[in-house]
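This report refers to the structure that appears directly beneath it.
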Amino acid sequence: MLVTTGIKPRGARFPGRYIQAAGAIGLLGQEAQAYGKRAVALLDRGVFGMLEKSVSDTFDGHADVEIVRHGGECSEAEIASLVARARTAGADVVIGIGGGKALDTAKAAARDLGLPVIVVPTIAASDAPCSALAVVYNEDGTVAYDSFLPANPNLVLADTALIAAAPARFLAAGIGDALATWYEADACRQSGAFNCMKMPGLPLAFEVARFCRETILDFGAAALTECDAKTAGPAIERVVEANILLSGIGFESGGVAAAHAIHHGLCELEDVHHHLHGEKVAIGVLAGLTIQGRHDEFVRIRDFCRSVRLPTRLADIGIAEASREKLEIVARRACRAGEIIHNEPMPVTEAMVIEALAGLI
C-alpha cells in the first residue's frame with residue numbers, strides 16, 4: 001500500500017502543441033481538420049481585410065470554416081456571440097487569429113462550448129497565446145476580471161512572417177513581458193510561492209524561465225532590427241519562441257511576483273492607458289530589482305531595455321508628472337492583500353514600491 005501522507009505536489013502546464021515557422025498559417029486548415037469537419041475562426045478586426053482570404057484558402061480540401069470578425073474587446077457579449085455562431089455552424093473546433101483580445105475571446109468561447117481551441121497569434125507582444133487565461137473586459141474597455149480556463153490551447157500556431165510584418169513596437173513589448181518571467185519565477189522559487197496551478201513549480205519551470213531570459217538578452221536587439229526590415233530571420237525566430245512559448249510556460253508554471261503587481265498598479269493611472277502591457281511590465285521589472293536591492297542587475301537590465309526600445313523611466317510610459325499621490329495609488333494597488341507582490345522572498349511594503357518608482361522618475 002502506498003503512503004501518501006505529506007505529499008507536496010509541484011506542477012507545470014503547457015499548450016497541447018506548439019508549431020512555429022514563417023508561413024505557418026498555411027498549415028491551419030490541415031491542423032484544424034484533425035479536430036473535425038467544421039471550424040469557426042474568430043479573426044481580429046485589425047487584420048481581417050489582410051487575412052480573411054488566406055485563412056479561407058488554407059481550409060480548401062480540409063474542412064469547412066466560418067470566419068467571424070472580432071468586435072474588438074474580449075467581453076462577455078463577444079464571447080457569447082462567438083459561442084452562438086459556433087453552435088449554429090456546428091463547429092468542432094474554435095480558432096482565434098490575431099492579438100490578445102481576439103485570442104482570449106476564442107479561448108473563453110471554446111471553454112463554454114467544451115471544444116478544442118487553436119490559437120494563431122499575429123503579434124508576439126505577450127505570452128498570452130499559450131496560457132490558460134482570458135482577460136475579460138467591460139464594454140467601456142476597462143478590465144472586468146481574469147477568467148482562468150481549465151486547459152491551455154490545444155494548438156498554438158505561430159507564423160513568424162506575420163509577426164515580423166507587424167510594427168516592431170509589439171515585438172519589443174513582448175520582450176518586456178518575457179523579461180519578467182525569470183525574475184518573477186525565481187522570486188517564487190525562493191519564497192516557495194505558488195504558480196498558476198496553485199502549487200510550487202517543478203524545477204523545469206525555472207529552467208524554462210531562465211532560458212527565456214537568456215534568449216531575449218542574446219537575440220532581442222537583432223530581432224527588432226529584423227522586424228524593422230519585415231524579415232523573419234533567425235533572431236526573430238528565437239525571440240518569438242521566447243516571448244510566446246518560453247515566457248508562457250515560465251509564468252504559468254514558475255509563478256508571478258513584483259513586476260506584474262507593479263504593472264497592475266500602474267494601470268490604475270490614466271496616464272499609461274496608451275502604452276502596451278509589456279512596456280509597463282518592463283518598468284515593473286526595474287522597480288522589482290530595486291526593491292530586491294540588486295543594483296548591478298538593475299543597471300544591466302536598464303541598459304538592455306534601452307537597447308530594445310523598452311521604457312526605463314516613468315515618463316516613457318506617459319507619467320510625465322510622477323507626483324507622490326500617483327505613486328501612492330500605484331503602490332496601494334500593487335501591495336493590496338493577496339496580491340502577487342507578496343510572492344517575493346521578502347516582505348514588500350507600499351513605501352518600498354514608492355521609493356523604487358521614485359528612482360525611475
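Residues R69 and L43 fail the side-chain proximity criterion, which asks for heavy atoms closer than 4.5 Å. Side-chain contact check for N243 versus I175: some heavy-atom pair is nearer than 4.5 Å. Side chains of I97 and T122 form a contact here, defined as non-hydrogen atoms less than 4.5 Å apart. At a threshold of 4.5 Å between non-hydrogen side-chain atoms, the residues E31 and L155 count as touching.
In this structure, R38 does not pair ionically with E66, as no charged nitrogen and carboxylate oxygen lie closer than 4.0 Å. Using a 4.0 Å cut-off between charged nitrogen and carboxylate oxygen, D57 and K53 count as a salt-bridge pair.
Around NZ of K37, the count of heavy atoms belonging to other residues, nucleotides or ligands within 6.0 Å does not exceed 12.
Under a hydrophobic clustering in which Ile, Leu, Val, Met, Phe, Trp and Tyr are joined whenever their side-chain heavy atoms come within less than 4.5 Å, directly or via other members, I354 and I319 fall into the same cluster. At a threshold of 4.5 Å between side-chain heavy atoms, the hydrophobic network of Ile, Leu, Val, Met, Phe, Trp and Tyr places V256 and L276 in two separate groups. If you chain together hydrophobic residues whose side chains sit under 4.5 Å apart, V93 and V55 fall into the same group.
Here R238 contributes atom CZ and F219 contributes atom CZ; the two are 4.0 Å apart, rounded to the nearest 0.5 Å. Note that NZ of K107 is 12.0 Å distant from CG of N154, once rounded to the nearest 0.5 Å. Between the CD1 atom of I340 and the SG atom of C335 there is a distance of 11.0 Å, given to the nearest 0.5 Å.
A donor-acceptor pair under 3.5 Å is formed between the side chain of E226 and the backbone N or O of I236. Between the side chain of T215 and the backbone N or O of F211 there is at least one donor-acceptor pair closer than 3.5 Å. Between the side chain of T160 and the backbone N or O of A22 there is at least one donor-acceptor pair closer than 3.5 Å.
The aromatic rings of H263 and H260 sit tilted, their planes meeting at an angle between 30° and 60°.
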| CA sep, side-chain torsions, deciding dist, call: R306, D316, salt bridge (Lys or Arg N to Asp or Glu O under 4.0 Å) | CA-CA 11 Å; R306 289 171 177 166; D316 297 336; over 6 Å; no
| request: Evaluate the criterion salt bridge (Lys or Arg N to Asp or Glu O under 4.0 Å) for residue pair K326 and D271; output intermediate values, then yes/no. | output: CA-CA 10 Å; K326 288 182 179 179; D271 314 52; 2.8 Å; yes
| task | Show your reasoning for whether side chain to side chain donor-acceptor pair (under 3.5 Å) applies to Q20 and E237. | result | CA-CA 8 Å; Q20 176 179 311; E237 292 288 347; 2.9 Å; yes
| query | Could you walk me through whether S131 and R13 pass the side chain to side chain donor-acceptor pair (under 3.5 Å) check? | reply | CA-CA 9 Å; S131 73; R13 63 189 312 165; over 6 Å; no
| task | Could you walk me through whether C305 and L179 pass the side-chain contact (heavy atoms from CB on, under 4.5 Å) test, one step at a time? | result | CA-CA 9 Å; C305 286; L179 185 62; 3.8 Å; yes
